[in-house]
A.B. asks: 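Got a structure for you, questions after.
Note that the structure is a prediction, hence the values are computed from the model and not measured. Computed over heavy atoms, backbone and side chain alike; hydrogens, waters and symmetry mates excluded. Starting from 1, each residue takes its place in the sequence as its number.
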Amino acid sequence: MDGLRDPDVETFVGAMGTRIRADAETVGVGLRTLEIQVRLHLPRLSRPAIAGWSPDKVYEEIRLQAVVRAAQVRQSAEDAAHQAHASVLLNVHKAHRDLSLSFGDGYRTRVRFAEVGPSAGHLVQSRLHYLHSERADTAAQFGLFLPGATMPITYAAFSRCDRQYVLDALTGHGLDVNPERVMVLTRMHGLAGIPANLMSLTIARAVREIRAKNAGDYVITAYNPMLGFCGTSFVASGFRPVALSPVAYCYDGKGLFQTRRMSGESVPQLLDTPDNVLMALGVTPAAKRNVAGIEGLIRVSSRTHSGGDHVRPLKADLASPEWRDRLLGYRRMLEPCWSERTVHPRYQESPVAAGDPRGQCGVTSVWLARTLRTDLLLEPVYCYGRLRVGRDDVEDVSHHCWVEIGPAHDPRRFVIDLTADQSDGVREPIILGEHRALADRGLRYESAARLRLDELPRDRVWPRFLALADRLCELDELRRRP
């Protein structure tokens with residue numbers, strides 16, 4: 001795998017080691033934290049620039065962006081370490097498989113494996129992880145917690161596999177895979193000072209939980225050799241290399257890295273970069289045997305990767321009575337979680353009764369969009385605009401949110417509104433149907449903004465959605481207690 005590293009990049013990083021270390025000390029982060037950001041921003045430059053310019057000139061071209069990102073990590077890392085009780089880790093000697101920690105002075109304690117709450121996961125993904133990009137479609141997130149801590153010291157997040165080229169990497173080895181049975185390990189993070197084997201222990205426990213919940217047969221992940229990663233934790237957890245895949249490096253107008261799932265104008269990389277290594281792990285006994293038999297690596301073409309074809313959605317008749325009942329169940333489940341923390345600010349002035357949908361349409365629509373993605377692999381659109389009810393005696397809902405499936409220009413696009421009874425002219429708690437059919441009934445949904453799920457973490461509704469998601473997790477935990 002060492003052959004996947006870029007020699008020009010390695011030469012540059014070696015030559016700039018002293019300057020990178022000095023900047024890391026100035027910012028107050030570890031050397032590795034800043035080095036990753038340096039490597040992540042190098043593809044902005046061309047091969048002739050990296051190989052032909054002086055190392056100092058190359059560094060100055062990407063130094064500001066790398067330092068800014070590293071500084072952002074530091075700002076959040078101190079608070080996260082405090083909430084995680086990370087000071088306990090001083091002088092830790094060893095982490096054991098039973099999740100106990102032993103220390104040089106004879107002290108011993110245990111860490112607790114548990115699900116990570118949405119707000120804590122948001123902090124890790126958006127502020128602590130080197131990509132600084134939250135996966136809006138996160139389906140499960142786990143971590144190890146020290147006693148009494150509210151933040152994990154290790155973190156692993158999983159999403160449903162929605163990229164066809166990832167599935168093709170498995171089927172190319174002769175595996176018969178079901179898209180809804182493949183999970184992707186999308187984010188990993190560990191606080192500074194943790195024992196090295198805690199990350200592999202976290203993965204092992206997370207996979208055990210996926211198996212216990214019957215949530216998947218395979219877990220796929222990737223590591224990036226160009227960023228200096230070598231996949232040690234993955235190998236220690238039993239992952240096996242299955243494919244080589246291109247990496248897409250994109251940058252915003254300020255030159256800061258952004259993932260290709262993020263919206264907005266972006267500048268593509270100039271450097272021809274090495275591939276990522278896709279890794280697979282079997283969750284069930286049969287899947288483990290299948291992965292163990294894989295030999296060699298499949299190469300994903302640049303054309304296939306850049307196309308980014310989505311996995312075909314699962315079949316579901318959202319207009320069926322069964323789905324209407326399910327949507328009504330969602331509504332009943334969400335109502336107890338609506339609060340002043342989730343309501344739109346314009347409804348803060350006057351108290352809203354429990355279960356009142358007014359001002360709760362935004363967070364409810366975000367939750368629904370995420371559920372449709374994780375459960376059915378659909379590409380829902382979060383809509384903000386106006387609901388016209390077509391009656392002179394009833395006021396329209398001038399600030400409303402709902403979910404649509406299908407292109408904006410298609411009159412057959414499907415509308416799902418879980419808070420339709422915000423209007424006095426709508427007696428049904430939920431509305432669903434084709435856009436044109438609803439318009440024929442006098443219900444006109446006019447969107448002023450349409451956002452994909454991947455765009456929502458940067459929208460103002462997201463913090464309120466996290467409050468809703470946190471409350472859902474709290475109630476679920478209470479229900480599971482004996």
A.B. asks: Within the structure provided, determine whether Leu167 and Cys161 are in side-chain contact (heavy-atom separation under 4.5 Å).
C.D. replies: yes
A.B. asks: Might you point out which heavy atoms bring Leu468 and Cys337 nearest each other, and give the distance in Å?
C.D. replies: CD1-CB, 3.5 Å
A.B. asks: Any idea which heavy atoms bring Asp325 and Arg332 closest together, and the distance?
C.D. replies: O-NH2, 4.4 Å
A.B. asks: For the pair Arg5 (side chain) and Gly228 (backbone), establish whether a donor and an acceptor sit closer than 3.5 Å, ignoring hydrogens and angles.
C.D. replies: yes
A.B. asks: Using 0.5 Å steps for rounding, measure from the CZ atom of Arg44 to the CG atom of Leu256.
C.D. replies: 8.5 Å
A.B. asks: Flag the pair Lys213 / Glu209 as yes when at least one side-chain heavy-atom distance between them is below 4.5 Å, and no otherwise.
C.D. replies: yes
A.B. asks: Report the distance from atom CG of Asp8 to atom CG of Leu271, rounding to the nearest 0.5 Å.
C.D. replies: 8.0 Å
A.B. asks: Tell me whether Asp137 is salt-bridged to Arg160, with the criterion being a basic N under 4.0 Å from an acidic carboxylate O.
C.D. replies: no
A.B. asks: Once rounded to the nearest 0.5 Å, what's the spacing between atom CD of Glu180 and atom CG of Leu377?
C.D. replies: 8.0 Å
A.B. asks: Are Tyr155 and His189 close enough that their ring centers fall under 6.0 Å?
C.D. replies: no
A.B. asks: Let's go through Lys254 and Gln65 carefully: what are the C-alpha distance in whole Å and the side-chain angles of both, what is the deciding distance for side-chain contact (heavy atoms from CB on, under 4.5 Å) to 0.1 Å, and is it a yes or a no?
C.D. replies: CA-CA 8 Å; Lys254 298 179 181 179; Gln65 290 79 7; 5.7 Å; no
A.B. asks: Does anything in residues 217-232 form a salt bridge (charged side-chain N to carboxylate O under 4.0 Å, His left out)? List the pairs, not counting sequence neighbours.
C.D. replies: Arg181-Asp217
A.B. asks: Which one of Ser245, Pro225, Pro246 satisfies the side-chain contact (heavy atoms from CB on, under 4.5 Å) criterion with Asp275?
C.D. replies: Pro246
A.B. asks: Parallel, tilted or perpendicular: which one describes the rings of His41 and Tyr251, with boundaries at 30° and 60°?
C.D. replies: tilted
A.B. asks: Pair up each side-chain donor or acceptor in residues 288-296 with any protein partner under 3.5 Å, not counting sequence neighbours, and list the distances.
C.D. replies:
residue	atom	partner	partner atom	Å
Asn290	ND2	Tyr218	OH	2.9
Asn290	ND2	Ala286	O	3.4

A.B. asks: Return yes if some donor-acceptor pair links the side-chain N/O of Thr33 with the main-chain N/O of Val29 below 3.5 Å, else return no.
C.D. replies: no
A.B. asks: Do the non-hydrogen side-chain atoms of Leu372 and Ile416 ever get within less than 4.5 Å of each other?
C.D. replies: yes
A.B. asks: Checking Thr304 side chain against Val300 main chain: does a donor-acceptor pair fall under 3.5 Å?
C.D. replies: no
A.B. asks: Answer yes if the ring centres of Trp367 and Tyr330 are under 6.0 angstrom apart, and no otherwise.
C.D. replies: yes
A.B. asks: Regarding Ser133 and Gln125, do their side chains bring together a donor and an acceptor under 3.5 Å, going by distance alone?
C.D. replies: no
A.B. asks: Salt bridge check: are Glu35 and Arg39 linked by an N-O gap of less than 4.0 Å?
C.D. replies: yes
A.B. asks: Specify the closest pair of heavy atoms between Val58 and Ala49, including all atoms of both residues, with the distance to one decimal.
C.D. replies: CG2-O, 3.6 Å
A.B. asks: Show the numbers, then the answer: is there a salt bridge (charged side-chain N to carboxylate O under 4.0 Å, His left out) between Arg480 and Glu115?
C.D. replies: CA-CA 13 Å; Arg480 287 183 292 176; Glu115 293 186 23; 3.7 Å; yes
A.B. asks: Can you find a side-chain donor-acceptor pair between Trp462 and Glu134 that sits under 3.5 Å?
C.D. replies: yes
A.B. asks: Any non-hydrogen side-chain atom of Val184 less than 4.5 Å from a side-chain atom of Arg163?
C.D. replies: no
A.B. asks: State the OG1-CD1 distance between Thr419 and Ile430, to the nearest 0.5 angstrom.
C.D. replies: 11.0 Å
A.B. asks: Can any side-chain N or O of Ser76 pair as donor or acceptor with the backbone N or O of Val73 at less than 3.5 Å?
C.D. replies: no
A.B. asks: Check for a donor-acceptor pair, side chain of Arg450 on one end and backbone N or O of Tyr382 on the other, with a separation under 3.5 Å.
C.D. replies: no
A.B. asks: Ignoring hydrogens, what is the shortest heavy-atom contact between Thr150 and Phe145? Give both atom names and the distance.
C.D. replies: O-CE2, 3.7 Å
A.B. asks: Is it true that a side-chain atom of Asp454 and a backbone atom of Ala136 form a donor plus acceptor pair closer than 3.5 Å?
C.D. replies: no
A.B. asks: Measure from NZ or CZ of Arg32 to the centre of the six-membered ring of Phe229 and say whether it is under 6.0 Å with the direction within 45° of the ring axis.
C.D. replies: yes
A.B. asks: May I ask you to test the Asp417-Tyr445 pair for a side-chain heavy-atom distance under 4.5 Å?
C.D. replies: yes
A.B. asks: Once you measure the plane-to-plane angle for Phe142 and Phe113, does it fall in the parallel (<30°), tilted (30-60°) or perpendicular (>60°) bin?
C.D. replies: parallel
A.B. asks: Check whether Asp252 reaches the backbone of Ser266 with its side chain - one donor and one acceptor, N or O, closer than 3.5 Å.
C.D. replies: no
A.B. asks: Which heavy atom of Asp6 sits nearest a heavy atom of Asp272, and at what distance?
C.D. replies: OD2-O, 3.9 Å
A.B. asks: Should Thr138 and Arg187 count as side-chain neighbours, where that means a heavy-atom distance under 4.5 Å?
C.D. replies: no
A.B. asks: With distance as the sole test, does Thr154 use its side chain to make a donor-acceptor pair with the main-chain N or O of Leu144 at under 3.5 Å?
C.D. replies: yes
A.B. asks: Is Asp375 salt-bridged to Arg370, going by a charged N under 4.0 Å from an acidic O?
C.D. replies: no
A.B. asks: Quick one: CG on Asp459 to CZ on Arg464, what's the gap to the nearest 0.5 Å?
C.D. replies: 8.5 Å
A.B. asks: State whether Glu434 and Arg412 are salt-bridged, where the test is any N-O pair (Lys NZ or Arg NE/NH1/NH2 against Asp/Glu carboxylate O) under 4.0 Å.
C.D. replies: no
A.B. asks: Starting from the C-alpha separation in whole Å, work towards a yes-or-no answer on side-chain contact (heavy atoms from CB on, under 4.5 Å) for Leu99 and Arg205.
C.D. replies: CA-CA 10 Å; Leu99 301 186; Arg205 291 294 178 118; 3.6 Å; yes
A.B. asks: Kindly indicate whether the side chain of Leu327, heavy atoms from C-beta on, has any atom under 4.5 Å from the side chain of Arg331.
C.D. replies: no
A.B. asks: For Lys57, is there an ion pair with Glu60 - N to carboxylate O distance below 4.0 angstrom?
C.D. replies: no
A.B. asks: Closest approach of His173 and Ala169, non-hydrogen atoms and distance?
C.D. replies: CD2-O, 3.0 Å
A.B. asks: Is the shortest side-chain N to carboxylate O distance from Arg373 to Glu379 below 4.0 Å?
C.D. replies: yes
A.B. asks: Ring centroid separation for Phe239 and Phe234, is it under 6.0 angstrom?
C.D. replies: yes
A.B. asks: Where does the angle between the aromatic ring planes of Tyr59 and Phe12 fall among parallel (under 30°), tilted (30 to 60°) and perpendicular (over 60°)?
C.D. replies: tilted
A.B. asks: Yes or no on side-chain contact (heavy atoms from CB on, under 4.5 Å) for Met279 and Val242, after CA distance, side-chain angles and deciding distance?
C.D. replies: CA-CA 6 Å; Met279 310 278 284; Val242 296; 6.0 Å; no
A.B. asks: Val9 and Val13: side-chain contact (heavy atoms from CB on, under 4.5 Å), yes or no, with the steps?
C.D. replies: CA-CA 6 Å; Val9 170; Val13 172; 4.2 Å; yes
A.B. asks: Side-chain contact, heavy-atom cut-off 4.5 Å: Ser447 with Tyr384?
C.D. replies: no
A.B. asks: Under 3.5 Å, side chain of Arg69 to main-chain N/O of Phe257, donor-acceptor pair present?
C.D. replies: yes
A.B. asks: I'd like to know if the side chain of His435 reaches the main chain of Asp410, judged simply by a donor and an acceptor atom lying under 3.5 Å from each other, with no hydrogens or angles considered.
C.D. replies: no
A.B. asks: As an exercise, state the distance from OG of Ser301 to CG of Leu244, rounded to the nearest 0.5 Å.
C.D. replies: 12.5 Å
